[in-house]
Structures are given as C-alpha cells and as structure tokens.
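Contents: one structure, followed by commentary.
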Amino acid sequence: MKMLCIDGGGIRGVFPIAILQAIEEEYQVPVAELFDVIAGTSTGSIIASSAALNTKMDKVMESYLTYGEKIFVRKAKVGLFKSVYSDRYLRRLLKKAFGEIALGDISKPLIIPAVDITHGKPYVHRSDYGFSEKEVLNVKLWDAVLSSCSAPIYFPPNNVNNQYMSIDGGLWANNPSLVCVTEALHHFKAQLTDIKILSIGTGQQRIDFQMEKERYWGVRQWLPFHFPSLKVTPKLLDLAMDLSSESVTYHCRLLLEGHYLRINCELTEEIPFDDISFMTEMKQLGKQVFQERKAEIHSFLLENH
C-alpha cells in the first residue's frame with residue numbers, strides 16, 4: 001500500500017508542489033495514479049485534495065503564486081485582538097478549486113487532519129472509502145480543507161455546518177504520516193510490512209531562540225515584533241509544527257524502516273509560513289531536491305507497483 005503524505009507549512013507548500021510537478025513530468029501521469037492513499041495537513045491538504053481530483057500540479061502551483069499575495073494581506077498587525085488574516089481569499093480559492101464536491105464524492109482515499117476545538121479533540125476528514133457516516137461525507141471538500149488550514153492567530157476558526165469550530169490540523173499532525181499508518185492498520189487492515197509512505201515536508205527551518213539576559217520571557221520572545229511595521233513572526237507556531245513533523249518522521253522511520261521515504265531539506269533561515277517573498281526560492285528548492293533525490297523516489301515508486 002503506497003501512501004503520499006504532505007506536510008503543512010503555509011506558503012512553503014510550493015516546495016512539495018514543485019516536487020510533485022517534477023514527478024508528474026517524469027512519469028507522465030497524474031500523481032494520484034502512483035499512490036493508493038493521499039494525505040495532507042494544512043497547506044498540504046490543498047495539495048493532497050487537488051491530487052486526489054487529478055488536478056495537474058502545474059495548475060496548483062499557478063494558484064499558489066496567484067492567490068498567495070491576496071490570501072496573506074494583513075487585516076491586523078499583531079493578531080492579539082483579531083486574526084492577522086481574513087479567510088476571505090483562502091475560502092474563495094478553495095471554492096474555486098473544489099466547487100461543490102463533497103467528501104463523499106471522492107473515490108480516491110483522501111485523509112485531511114484538522115482539530116475540532118468545539119469538543120477539544122483531533123479530527124480526521126476522510127473521503128468515501130467505506131468508514132465514514134453519510135452526514136460526515138456531506139461536508140464539502142473546500143470546507144474540510146479550510147478547517148485544516150485555519151492556523152490559530154493567523155486565520156479565524158472555520159465553522160463547519162454550524163456543528164463545530166475547526167482549526168489547523170498541524171497542531172497535532174503537521175506531518176500526517178502517523179495518521180496514515182494508523183489508518184492503514186485500522187481501516188484497510190494492512191500489515192505494517194505492507195505500508196510504504198512517501199512523505200514530503202515544506203522545509204525544516206532553523207528556528208533560533210537566542211539566550212537573553214532579561215529575567216522575564218513573554219509574548220515578545222515567542223512572537224517577535226518587527227519595528228516599525230509591528231509585523232509579528234509566528235515563531236512559536238512554526239517551532240511547534242516543525243517539532244510535530246520531525247517527531248513523526250522519527251517514529252515512522254522506526255516503524256517502517258526502509259518503507260518510509262522522507263523528502264525534505266534544511267532551510268538556511270527562518271521562512272515564516274506567511275512570507276510570500278520566499279515562494280520563488282522555495283519552488284526552485286523543490287526542483288533541486290527532486291533532482292538530488294530522484295533515484296530514491298524512482299525506486300520507491302516502481303517497487304511493487
């Protein structure tokens with residue numbers, strides 16, 4: 001059972017898109033045809049959902065480059081009293097991309113982690129592969145994806161059918177690989193030795209909290225302000241999501257050994273998930289990493305396929 005897992009990471013999602021673009025160009029098939037199950041968290045859920053619908057990665061990349069500037073236009077400098085960004089353009093992008101398609105309309109096994117903050121628990125949106133109730137499958141795909149993308153502070157929670165409020169799945173499954181492992185074991189009744197995962201990150205940041213002489217540690221350290229713009233860097237959120245992704249990578253490598261291929265790269269600096277100025281750089285980096293790891297990816301895709 002081959003599974004594709006795509007991390008969260010905001011605008012850094014152009015990195016996995018570039019890799020998947022290269023895969024489609026190399027094998028001349030939609031990426032979904034190469035996998036049995038597709039999963040994505042936050043920005044990864046946009047990419048994963050697009051792949052599940054056989055949308056070409058060229059088109060997904062074009063949407064990111066076009067809508068990125070509109071999505072990340074601030075309505076608040078800091079985000080202490082209201083969300084930094086409106087979800088207006090993100091919602092518009094998702095509705096345009098996915099229309100009225102409901103989770104129940106998707107035949108490809110698709111997994112989208114989110115968080116149900118109304119009931120305080122992790123939540124997994126699934127397409128219709130036999131394990132979800134009709135009411136759940138009626139949720140629109142764009143709604144499920146918006147839930148997984150609604151990062152705290154930066155976007156408001158998403159109201160899902162007036163049933164519960166939902167936020168970014170990256171808070172517990174920024175790398176959805178372990179969700180896929182449990183899904184394969186529990187729902188698909190697969191053996192651990194049958195599970196193969198291609199996991200694509202969004203760049204591993206060098207997030208540095210400097211030693212300071214100050215006695216007190218507060219919001220200024222966790223969410224640094226930049227003067228005179230008062231723009232805040234989502235340092236704490238980025239750190240939490242990086243730690244989530246790397247801990248899952250560690251555990252999956254122990255569980256799956258050679259059946260777990262992680263494609264990621266270390267970034268030379270902090271690249272906040274809302275900094276659109278890095279999109280071109282991350283796109284080029286994705287193409288470069290694909291070339292560097294091409295033989296490993298080729299071996300993974302061709303084995304037992």
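Keep in mind the model is a prediction, meaning the values are calculated, not measured.
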Do the side chains of L185 and L256 join up, straight or via other hydrophobic residues, at under 4.5 Å, putting them in one cluster? yes
Report yes or no: do M3 and Y250 belong to one cluster of Ile/Leu/Val/Met/Phe/Trp/Tyr joined by side chain heavy-atom distances under 4.5 Å? no
Less than 6.0 Å separating the ring centroids of H298 and F300? no
How many angstroms lie between atom SG of C180 and atom CD1 of I197, to the nearest 0.5 angstrom? 5.5 Å
Side chain to side chain donor-acceptor pair (under 3.5 Å) against D58, all qualifying residues, sequence neighbours excluded: Q21
Just by distance, do the side chain of D36 and the backbone of K2 share a donor-acceptor pair under 3.5 Å? yes
Please list, chain by chain and in numerical order, all residues satisfying side chain to side chain contact (heavy atoms under 4.5 Å, CB included) with I11, sequence neighbours excluded. F72, I276, M279
If you round to the nearest 0.5 Å, how far is OG of S148 from CD1 of I111? 12.0 Å
Does one side chain, of H251 or Y260, offer a donor that lies under 3.5 Å from an acceptor on the other? no
Could you pull out all donor-acceptor pairs under 3.5 Å where a side-chain atom in residues 89-103 meets a protein atom, sequence neighbours excluded?
residue: R91; atom: NH2; partner: D87; partner atom: OD2; Å: 3.1
residue: E100; atom: OE1; partner: K140; partner atom: NZ; Å: 3.4

Taking atom SG of C5 and atom CG of L178, what is their separation to the nearest 0.5 Å? 9.5 Å
If we ignore hydrogens and angles and just use 3.5 Å, is the side chain of T202 paired with the main-chain N or O of G8 as donor and acceptor? yes
Taking side chain to side chain contact (heavy atoms under 4.5 Å, CB included) as the test, write out the residues that go with K59, two or more places apart. T55
Let me confirm one number: the CD1-CD distance from I17 to E62, rounded to the nearest 0.5 Å. 11.5 Å
Taken to the nearest 0.5 Å, the spacing of L198 CG from I38 CD1 works out to 11.0 Å
What I want to check is whether the side chains of N175 and T249 have a donor and an acceptor closer together than 3.5 Å. yes
Does one side chain, of N174 or T41, offer a donor that lies under 3.5 Å from an acceptor on the other? no
Does the side chain of Y64 pick up a donor-acceptor pair with the side chain of T43 at under 3.5 Å? yes
Between S49 (side chain) and I46 (backbone), is there a donor-acceptor pair under 3.5 Å? no
Evaluate whether atom CD of E266 has more than 12 neighbouring non-hydrogen atoms of other residues, nucleotides or ligands under 6.0 angstrom away. no
Under a 3.5 Å distance rule, please check whether Q204 uses its side chain to pair with a backbone N or O of C265 as donor and acceptor. no
Is the backbone of E25 close enough, under 3.5 Å, to the side chain of Q28 for a donor and an acceptor to pair up by distance? yes
The reported gap from CG in L192 to CE in M1 (rounded to nearest 0.5 angstrom) is 12.5 Å
Are the side chain of R12 and the backbone N or O of I271 linked by a donor-acceptor pair below 3.5 Å? yes
Backbone N/O of M165 and side chain of T118: donor-acceptor pair under 3.5 Å: yes
Between the main-chain N or O of P157 and the side-chain N or O of S150, is there a donor-acceptor pair closer than 3.5 Å? no
Between H259 and T193, is there a donor-acceptor pair closer than 3.5 Å when you use the side chain of the first and the backbone of the second? yes
Results of side chain to side chain contact (heavy atoms under 4.5 Å, CB included) for K121 - residues two or more places apart only: D116, H119
I'd like to know if the side chain of N161 reaches the main chain of Q163, judged simply by a donor and an acceptor atom lying under 3.5 Å from each other, with no hydrogens or angles considered. no
Sequence neighbours excluded and cut-off under 3.5 Å, please list the side-chain donor-acceptor pairs for residues 290-297, or say none.
residue: E292; atom: OE2; partner: Q288; partner atom: NE2; Å: 3.0
residue: R293; atom: NE; partner: E296; partner atom: OE2; Å: 2.5
residue: R293; atom: NH1; partner: R262; partner atom: O; Å: 3.3
residue: R293; atom: NH2; partner: R262; partner atom: O; Å: 3.1
residue: R293; atom: NH2; partner: E296; partner atom: OE1; Å: 3.2
residue: K294; atom: NZ; partner: E26; partner atom: OE1; Å: 3.3

